Every structure is written in structure tokens, then in C-alpha cells.
Amino acid sequence: MHDAPLHALEADISAVAEALFRRLPTLIGFSVRESDENDAELQFAVSMYPEPAHEERSVVLGEIAQALQELMDEAPGAGPLLRARTFARTLH
């Protein structure tokens, strides 16, 4: 029974990542890591194709940050599960 909350958090994280990939067609993948200056903040490395202009890249980073922040606000236990993690688009 102890795995049920963890399983629910993993499902929530997967749902958020899948929604981001659906909403952002040029997003290939992203990695999450802790900020060097502030342990509470997350930083992202993003891979996109085709490579967008700087402004579009900033919009994508903002959308990722907002989606993950909303997830962490709703499920505080999700934060540690996001750190040091990479999400990649699944191609069929």
C-alpha cells in the first residue's frame, strides 16, 4: 500500500509531461535539475526541433516551468521526483 501515493505521483508527472509534448510539437525532450542558486527552484535543459528563435524558446521554457510548478503546488511530493529527470517525446 505504501507504493500507491508514489504511483499516483508518477502518473501525475507522466500526464503533465504528455500534455506538454502534445501542446508543444517542436519539443523533443527536457531535463529537470535543481537551481544552483536556490534549491527550491528547478532549471531545465530543453531540446527542440526545429530549433526555435530565442523568443519561442523562452515561451516553451515558461510553459514547462508553469506546468511543473502547478504540479508541485498540487502535489508537493512531486518536486523530488522531478529533479535529475529527463523526459523525452515518444515516437511511434
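Model, not experiment: these values are computed from the prediction. All values below come from the heavy atoms of this structure, side chains included, with hydrogens, waters and symmetry mates left out.
Taking all atoms of both residues into account, the shortest heavy-atom contact from P80 to G77 is CD-O, 3.4 Å. Looking at every heavy atom in both residues, R89 comes nearest to L24 through NH2-O, 2.8 Å.
E55 is linked by a salt bridge (charged side-chain N to carboxylate O under 4.0 Å, His left out) to nothing, counting only residues two or more places apart in sequence or in another chain. Listed by chain and number, the residues in a salt bridge (charged side-chain N to carboxylate O under 4.0 Å, His left out) with E63 are R23 (sequence neighbours excluded).
Atom CD of Q66 and atom CG of L71 lie 12.5 Å apart (nearest 0.5 Å). Atom CG in L61 sits 6.0 Å away from atom CZ in R57 (nearest 0.5 Å).
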For this session: Decide yes or no on side-chain contact (heavy atoms from CB on, under 4.5 Å) for L20 and F30, but give the supporting numbers first.
Result: CA-CA 10 Å; L20 285 167; F30 62 98; 4.0 Å; yes
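Summarising the local packing, CZ of F44 is surrounded by more than 12 heavy atoms from other residues, nucleotides or ligands at distances under 6.0 Å.
No continuous path of ILVMFWY side-chain contacts below 4.5 Å connects V32 to I28, so the two sit in separate hydrophobic clusters.
A 4.5 Å side-chain heavy-atom check between M48 and E56 finds at least one atom pair inside the cut-off. Looking at F87 and I13, their side chains come closer than 4.5 Å, going by heavy atoms from C-beta outward. In this structure, T26 and P50 have side chains that are in contact, with non-hydrogen atoms separated by less than 4.5 Å. Residues E74 and D12 fail the side-chain proximity criterion, which asks for heavy atoms closer than 4.5 Å. L81 is listed as a side-chain neighbour of L6, based on a closest heavy-atom distance under 4.5 Å. With a 4.5 Å cut-off on side-chain heavy atoms, Y49 and L27 do not count as touching.
Here the side chain of R85 pairs no donor or acceptor atom with the backbone of R33 at under 3.5 angstrom.
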